[in-house]
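Below: one structure, written as structure tokens.
Sequence positions, counted from 1, serve as the residue numbers for this chain.
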Amino acid sequence: MTTLPKDVLHWIAGYHGTVTSVALRERGISAFQQRRLVQDGTLIRMINGSYRFAGAPSNHHDRYVSACSHASELVICGPSAGLLWNLRRMPRDGLVHVIAPPHSNPTTAPWLKPYRTALLDPRHVVHRLDGIRLTAPPRTAVDLSRHLNGTDLRSIIDQLVHRGTCTPETMRDVALSLDTPGRPWARRFLDVLDKRPAGPPTESHGE
């Protein structure tokens, strides 16, 4: 039975229980040994080239890391990014929402929901040390207009402004960069933003 060396286990601990084929090769695990680890249940395949260590608890974070390890350089977005930013009123559909390059075919994993677009400014992407790559708060807020009603979307805007995470102007700039005929949700975000009442943002939903 193939066992995992300490440096591989250390890698796994820093990446939410996941490891890539590339990381295994760099640490001396051959393709044959990798197959044995999968066969004996030590590693569980997530998507092509990414595995979860069976001894680690499964949660959404292992899916996030696995998605971001894909060669298409996927970026966590929408409700999934909102959960990572601890935003309120987030839909919990069990999916990992990602932005993918145009014409890409990331994976057939049923838990992955790709949105293909070339409109993603590198300044709107945050790279975390645990291998997760996600949209910055202003881009996350605008993308959430695909998923939330007007009341919940305004609540998210207020939450971000109250935290000091971003300003209405920053979110407006992102929405304007995405406001094209094929993206009515960006225009919807601008409409919600324009209808916010004057005064300080509310601290909690429904105030």
For residues [X] and [Y]: do they belong to one hydrophobic cluster (side chain heavy atoms under 4.5 Å, members Ile, Leu, Val, Met, Phe, Trp, Tyr)?
{"X": "Ile132", "Y": "Ile47", "answer": "yes"}
{"X": "Trp111", "Y": "Tyr115", "answer": "no"}
{"X": "Leu134", "Y": "Leu119", "answer": "yes"}
{"X": "Leu9", "Y": "Leu37", "answer": "yes"}

Quick one, [X] and [Y] - any side-chain contact, counting heavy atoms below 4.5 Å?
{"X": "Pro168", "Y": "Leu193", "result": "yes"}
{"X": "Val161", "Y": "Met171", "result": "yes"}
{"X": "Leu74", "Y": "Val96", "result": "no"}
{"X": "Tyr51", "Y": "Val38", "result": "yes"}
{"X": "His70", "Y": "Ser50", "result": "no"}
{"X": "Trp85", "Y": "Val126", "result": "yes"}
{"X": "Leu4", "Y": "Phe53", "result": "yes"}
{"X": "Ile76", "Y": "Cys68", "result": "yes"}

Scan side-chain atoms only and decide if [X] and [Y] contain a donor-acceptor pair under the 3.5 Å cut-off.
{"X": "Thr140", "Y": "Thr135", "value": "yes"}
{"X": "Arg25", "Y": "Gln34", "value": "yes"}
{"X": "Thr167", "Y": "Thr170", "value": "yes"}
{"X": "Asp93", "Y": "His97", "value": "yes"}

Using every non-hydrogen atom in the two residues, find where [X] and [Y] come nearest and quote the distance to one decimal.
{"X": "Ser155", "Y": "Arg88", "answer": "OG-NE, 2.7 Å"}
{"X": "Pro110", "Y": "Leu95", "answer": "O-CD2, 3.5 Å"}
{"X": "Pro184", "Y": "Pro181", "answer": "CD-O, 4.0 Å"}
{"X": "Val142", "Y": "Ser145", "answer": "O-OG, 2.6 Å"}
{"X": "Pro79", "Y": "Pro91", "answer": "CB-O, 3.9 Å"}
{"X": "Cys166", "Y": "Pro138", "answer": "CB-CG, 3.8 Å"}

Is the number of heavy atoms from other residues, nucleotides or ligands within 6.0 Å of NE2 (His127) greater than 12?
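Yes - once you tally the heavy atoms of other residues, nucleotides and ligands closer than 6.0 Å, there are more than 12.
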Between [Y] and [X], does any NZ, NE, NH1 or NH2 come within less than 4.0 Å of an OD or OE carboxylate oxygen?
{"X": "Asp194", "Y": "Arg172", "result": "yes"}
{"X": "Arg154", "Y": "Asp158", "result": "yes"}
{"X": "Asp40", "Y": "Arg36", "result": "no"}

With side chain to side chain contact (heavy atoms under 4.5 Å, CB included) as the criterion, how do Leu160 and Leu87 come out once you've worked through the C-alpha distance, each side chain's angles and the decisive distance to 0.1 Å?
CA-CA 8 Å; Leu160 290 170; Leu87 299 181; 3.7 Å; yes
Side-chain cluster (under 4.5 Å, hydrophobic types only) that Leu176 belongs to, other residues
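Leu190, listed by chain and number.
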Apart from Ile99 itself, residues in the same hydrophobic cluster as defined by side-chain heavy atoms under 4.5 Å:
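Cluster partners of Ile99: Val75, Leu120, Val125.
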Pairs involving residues 59-79, ordered by first then second residue, that meet salt bridge (Lys or Arg N to Asp or Glu O under 4.0 Å) (sequence neighbours left out):
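Of all non-adjacent pairs touching residues 59-79, those that pass salt bridge (Lys or Arg N to Asp or Glu O under 4.0 Å) are Arg52-Asp62.
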Please list all pairs passing the salt bridge (Lys or Arg N to Asp or Glu O under 4.0 Å) test where one or both residues lie in residues 120-137, with sequence neighbours left out.
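Sorted result for residues 120-137: Asp121-Arg123, Arg128-Asp130.
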Tell me the ring-ring contact (aromatic ring centres under 6.0 Å, His included) pairs involving residues 12-31, sequence neighbours left out?
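ring-ring contact (aromatic ring centres under 6.0 Å, His included) check on residues 12-31 returns Trp11-Tyr15, His16-His61.
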CA sep, side-chain torsions, deciding dist, call: Gln159, Arg163, side chain to side chain contact (heavy atoms under 4.5 Å, CB included)
CA-CA 6 Å; Gln159 183 183 13; Arg163 284 181 181 175; 3.0 Å; yes
Residues two or more places apart in sequence or in another chain: which of them pass salt bridge (Lys or Arg N to Asp or Glu O under 4.0 Å) with Arg45?
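With sequence neighbours excluded, Arg45 shows a salt bridge (Lys or Arg N to Asp or Glu O under 4.0 Å) to no residue whatsoever.
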With side chain to side chain contact (heavy atoms under 4.5 Å, CB included) as the criterion, how do Thr117 and Leu178 come out once you've worked through the C-alpha distance, each side chain's angles and the decisive distance to 0.1 Å?
CA-CA 11 Å; Thr117 180; Leu178 298 168; 5.9 Å; no
Which is it for Tyr64 and Leu83 under the side chain to side chain contact (heavy atoms under 4.5 Å, CB included) test, yes or no, and what are the steps along the way?
CA-CA 11 Å; Tyr64 295 150; Leu83 289 171; 4.1 Å; yes
